[in-house]
Amino acid sequence: MSLIKSWVSSANQTDTLFPLNNLPYGVFSIGGDDARCGVAIGDKILDIRSLEKAGTIAPAQSAVFAEPSWNAFMALGRVAWAEFRTQLTALLEQGSSAQNQVEPHLVNAADAQMHMPIKVAEYTDFYAGKHHATNVGTMFRGAENALPPNWLHIPIGYNGRASSVVVSGTDIRRPWGQLKGPNDDVPRFAPSARFDIELEMGAIVGTTSDIPITVQEAYDNIFGYVLLNDWSARDIQAWEYQPLGPFQAKSTATTISPWIVTAAALEPFRTDTPKREFELLEHLKDCGPMLYDIELDVTLTPKGGTPSTIAKTNYSQMYYSAAQQLAHHTTAGSRMNVGDLLGSGTISGPKKSEHGSLLEMSWGGKEPFTLETGEERSFVNDGDTLALNGAARGDGYTIGFGSCVGTLLPALDNPYAR
Ligand code: CA
């Protein structure tokens with residue numbers, strides 16, 4: 001597919017992340033006014049609430065944009081999603097007769113503050129990147145036990161906390177927690193000294209359904225994708241994780257990108273999951289390409305410093321698609337809801353430069369890496385800003401998510417000190 005030209009000239013520039021082919025969904029406000037739904041187009045945001053009030057767009061049901069989230073719209077279902085996208089494309093396409101009606105509802109993206117695009121119903125995080133799981137398993141349990149025996153048969157995950165999910169730009173506070181290193185006799189309560197990131201994609205469930213569902217049905221239920229940084233306290237994690245998995249290590253924050261890129265916009269970029277060692281059981285079998293070719297990178301900017309690109313990888317490296325994860329999630333009886341967020345798991349490639357966490361980049365802190373500024377890092381320092389970026393590259397256009405950014409603030413004083 002090639003670029004669909006818009007009368008919004010900035011949407012036709014080759015370096016924009018928001019051409020008419022994209023039309024990602026977010027929630028924004030200007031100068032402290034009401035947060036409301038918007039669609040990114042070039043360097044503008046189309047104010048969907050005001051467009052709806054003006055009667056220029058007609059969703060399948062009225063007032064779905066009354067709330068500052070896309071949940072009510074998502075609940076309308078797949079047919080309504082497609083109709084709305086067709087409508088928006090027609091309104092913004094070059095030569096559209098609606099230009100004069102639509103133009104007053106555009107605002108400058110540079111003036112906007114972005115908010116959470118959805119109300120997250122529940123949050124599950126998976127562990128579906130084979131290179132990442134192998135690397136972490138090697139560090140935690142040794143090379144011979146790197147991949148747990150179940151790993152090649154089911155997408156492993158844990159139930160995270162919806163309340164931990166924050167939008168890009170939100171500052172992150174270094175957490176306190178219970179730590180016990182290999183050389184410590186007793187555990188202690190202290191700020192995490194091994195605070196990390198995880199480069200992931202988040203899939204957003206757009207419809208409720210009967211359960212269980214097939215992989216194809218799961219694919220159809222996914223509304224769109226965001227970039228996702230699963231901030232992780234490795235020292236808290238190493239002490240607490242056995243036998244039930246991560247808990248407080250993953251409860252500080254999970255940052256998502258401001259824009260949801262719809263599955264419809266990503267359709268031209270579908271790719272297959274990698275070759276498998278074992279055939280999957282029937283309910284998890286691949287039934288078409290359900291991953292996406294999305295280039296990903298991570299930058300680290302020390303306080304007052306310049307950014308260093310510390311990793312480059314691709315979403316197509318995942319072992320399980322979000323559709324397989326969602327299908328698996330429905331097999332035991334719990335219902336999935338509109339606004340459920342599924343983290344992919346850390347996306348690492350096979351090379352050192354493709355590692356999606358600092359834990360892997362510094363090999364557990366044993367091999368610190370050097371930034372452009374000459375400083376060394378093993379884990380995230382106070383004042384560091386971490387940014388995830390993603391791009392699906394088409395013929396003369398790029399689909400982006402907006403940067404997924406967070407700055408780490410120093411730990412507060414001991415909250416339990418007497
Ligand atoms: Ca994770």
Side-chain angles (χ1 to χ4, degrees), residues 120 122-141 146-148 150-151 154-166 168 172 175 177 192 194-205 225-242 244-257 291 294 296-298 310-311 313-315 317-322 324-326 328-329 340-349 354-362 364 379-380 386-388 390 401 404-406 408:
V120 177
E122 296 191 63
Y123 168 49
T124 305
D125 194 27
F126 286 91
Y127 188 56
K130 193 176 168 198
H131 303 292
H132 172 73
T134 304
N135 289 337
V136 173
T138 302
M139 281 182 260
F140 277 43
R141 289 179 298 276
L147 274 190
N150 53 6
W151 201 94
I154 49 170
I156 298 177
Y158 64 92
N159 289 310
R161 294 195 54 81
S163 65
S164 72
V165 184
V166 296
S168 175
I172 310 301
S192 169
R194 291 160 71 93
F195 200 65
D196 198 358
I197 61 150
E198 290 190 343
L199 165 62
E200 303 191 25
M201 298 286 302
I204 295 166
V205 178
Y225 291 81
V226 287
L227 300 171
L228 185 149
N229 180 357
D230 173 24
W231 299 91
S232 301
R234 300 301 180 194
D235 37 9
I236 298 175
Q237 186 179 0
W239 170 232
E240 76 176 2
Y241 89 106
Q242 299 200 72
L244 288 185
F247 187 51
Q248 294 304 90
K250 305 286 192 171
S251 285
T252 302
T254 303
T255 305
I256 63 168
S257 59
L291 282 177
I294 300 171
L296 300 165
D297 69 59
V298 183
I310 57 173
T313 184
N314 195 298
Y315 180 52
Q317 293 282 354
M318 300 314 286
Y319 197 78
Y320 296 101
S321 65
Q324 285 168 319
Q325 293 171 329
L326 176 54
H328 177 61
H329 216 319
D340 280 352
L341 175 65
L342 310 183
S344 61
T346 309
I347 307 163
S348 291
E354 297 170 340
H355 289 168
S357 67
L358 273 64
L359 178 74
E360 295 163 89
M361 293 174 207
S362 71
F379 294 96
V380 185
L386 274 299
L388 317 184
F401 298 78
C404 176
V405 186
L408 183 65

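Counting starts at 1 for both ligands and their atoms, following the listed order.
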Engineer: We want to know whether S232 and D196 form a side-chain donor-acceptor pair, criterion being a heavy-atom distance below 3.5 angstrom.
Structural biologist: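 D196 and S232 do not have a side-chain donor-acceptor pair below 3.5 Å.
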
Engineer: Under the 3.5 angstrom rule, does the side chain of S168 hit a backbone N or O of V405 as a donor-acceptor pair?
Structural biologist: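 Yes, because the side chain of S168 sits within donor-acceptor range (under 3.5 Å) of the backbone of V405.
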
Engineer: Near the Ca ion (ligand 1), which protein N/O/S atoms fall under 3.0 Å?
Structural biologist: D125 OD2, E198 OE1, E200 OE2, D230 OD2

Engineer: Please identify each residue that fulfils side-chain contact (heavy atoms from CB on, under 4.5 Å) with A162, with sequence neighbours left out.
Structural biologist: V120

Engineer: I'd like to check the ring-ring contact (aromatic ring centres under 6.0 Å, His included) partners of H355; sequence neighbours left out, ordered by chain and number.
Structural biologist: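 Counting only residues at least two positions away or on another chain, H355 forms no ring-ring contact (aromatic ring centres under 6.0 Å, His included).
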
Engineer: Could you walk me through whether N135 and L359 satisfy the side-chain contact (heavy atoms from CB on, under 4.5 Å) test, starting with their C-alpha distance in whole Å, then the side-chain angles of each, then the deciding distance to 0.1 Å, before giving a yes or no?
Structural biologist: CA-CA 9 Å; N135 289 337; L359 178 74; over 6 Å; no

Engineer: According to ring-ring contact (aromatic ring centres under 6.0 Å, His included), who are the partners of F247, at least two apart in sequence or on a separate chain?
Structural biologist: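 Result, ring-ring contact (aromatic ring centres under 6.0 Å, His included) vs F247: none returned.
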
